[in-house]
Amino acid sequence: MENIDVLREGFEKEKESCASVEDVEALRLKYLGRKGLLAQLRKNVDFKVLSPEKRGTFGKEFNDLKTLMESSIEAQLTTLQERMVAKKLPSIDMTLPGSGHTLGSMHPVTLVRLELEEIFMSMGFVIETGFEVEKEYYNFDALNTPFDHPAREMQDTFWLTNGMVLRTQTSAVQVRALEKYGAPMKMIAPGRCFRYETIDASHENTFYQLEGLMVDHNISVANLISVMKLLLSKVFHREVVTRLRPGYFPFVEPGFELDIQCLICGGSGCRSCKNSGWIELLPCGLVHPNVLKFGGVDPDVWSGFAFGLGLTRLAMMKYGIPNIRLFNSGDIRALEQFTTAV
Ligand code: DAH
């Protein structure tokens, strides 16, 4: 019996000094292993000399000690393992406020583009993209603007060393689309254009246009006007008063500037419309026969209208953005205002 007490005390003491899982495993082996101290104790007892009563007491004490050792070793292991995990984990203060997520937002030009695409798709137009790096042929020649045409001077062009251009207008998609679809056809081509402009509040070297082209039998100016009016009323969610002025573009004949009555002052004159009551928005016209020919479409059978809407300018008007530089400036505060519009 005394030996049992000695063993218990020794075990308790050694257990206290166990600092690692390995220490505890060694302790287990020492006391509970097959040749451990507990097994030895049992072996050394001569049961024959013990009275049955003492034998019973010894058995009970012995078993109690074994159970105690086993359970305290398990408990010690659990504590040590938990401590190890806790050391690896960063401490977490559950009372701190969360870091939160900032939601991105769509660029105002993207919002207007998506809206226009929706409107035109509902009228059966297909959407083309074309290329931002374009052949001189599609950007100029095929648009009835040959090498020596003075209208080339109207667009300050970025030329690449390999003779390609950064497209100056989405009109470059017109002949590509005619080649692809033939006639009849209806397409729009929204996209980015580039010009070597001096930047000010309303001019940028990078801007967005949306080209439109419809070719069919007997297309007239009346078709052009009705589609433009429908488009504008849907974009601005109200009837807009329009007027047509003659305008020159080599790829249309006749060519027009379609103005809308100023939506801010209603036509009486204000700063936005430079006191004229009108805002220049949509250059357009009937497709020049040469352009149809370049696209492989017979101008004696087919006719069409085209327009080139300034997407960037439309976004400025729709959202009241006073300075074009805000669009590409990378100042996130300008874009954050559109979070709710997504
Ligand atoms: N591409 C012209 C420009 O950027 C705009 C334009 C005018 C497009 C008349 C057209 C059009 O399709 O018919 O100045």
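Start at 1 with the first residue, then count along the sequence. In listed order, ligands and their atoms are each counted from 1.
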Side chain to side chain contact (heavy atoms under 4.5 Å, CB included) partner of Val173, chosen from Arg167, Glu211, Glu134:
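Testing each of Arg167, Glu211, Glu134 against Val173, the sole residue satisfying side chain to side chain contact (heavy atoms under 4.5 Å, CB included) is Arg167.
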
Show me which atoms of ligand 1 lie under 4.0 Å from any heavy atom of [X].
X: Cys284; answer: 9 (C), 11 (C), 13 (O)
X: Gln209; answer: 3 (C), 4 (O)
X: Gly285; answer: 13 (O)
X: Ala306; answer: 12 (O), 13 (O)
X: Val252; answer: 13 (O)
X: Gln174; answer: 12 (O)

Say whether Tyr196 and Gln155, considering side chains only, have a donor N or O and an acceptor N or O under 3.5 Å apart.
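The criterion, which ignores hydrogens and geometry beyond distance, is not satisfied for Gln155 and Tyr196.
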
Assess, by modelled atom type and distance only, whether the side chains of Asp259 and Thr242 contain a donor and an acceptor separated by less than 3.5 Å.
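Side-chain D/A pair, Asp259 to Thr242: absent.
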
Structural part of Ser171 in contact with ligand 1, heavy atom criterion under 4.0 angstrom:
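Ser171 to ligand 1: side-chain contact only, backbone stays beyond 4.0 Å.
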
Check whether Ser71 reaches the backbone of Thr67 with its side chain - one donor and one acceptor, N or O, closer than 3.5 Å.
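Judged by distance alone, yes, a pair lies under 3.5 Å.
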
Over 60° means perpendicular and under 30° means parallel, so tell me whether His149 and Tyr248 are parallel, tilted or perpendicular.
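Parallel, since the angle between the ring planes stays under 30°.
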
Any idea how Phe11 and Tyr31 line up, ring-wise: parallel (<30°), tilted (30 to 60°), or perpendicular (>60°)?
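It falls in the perpendicular class, over 60°.
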
Tell me whether ligand 1 is touched by Gly255 - counting only heavy atoms on the residue side and a distance under 4.0 Å.
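So Gly255 does not count as touching ligand 1.
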
Which residue owns the protein heavy atom closest to atom 7 (C) of ligand 1, what's the atom, and how far is it?
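Heavy-atom neighbour on the protein nearest atom 7 (C) of ligand 1: Pro283 CB, 3.4 Å.
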
Can you tell me which residue and heavy atom of the protein come closest to atom 2 (C) of ligand 1, and the distance to 0.1 Å?
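Sorting protein heavy atoms by distance from atom 2 (C) of ligand 1 puts Gln169 OE1, 3.5 Å first.
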
From the candidates Tyr248, Phe251, Phe249, the one that places a heavy atom nearest atom 11 (C) of ligand 1:
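Closest candidate by heavy-atom distance is Phe251.
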
Nearest-option assignment for atom 4 (O) of ligand 1, heavy atoms, candidates Glu253, Arg195, Glu211, His288
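Looking at heavy atoms only, the winner is Arg195.
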
When rounded to the nearest 0.5 angstrom, what distance separates CZ in Arg113 from CG in Leu314?
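Arg113 CZ to Leu314 CG: 13.5 Å, rounded to 0.5 Å.
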
About how many Å separate CZ of Phe207 and CZ of Phe327, when rounded to the nearest 0.5 Å?
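That separation rounds to 13.0 Å.
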
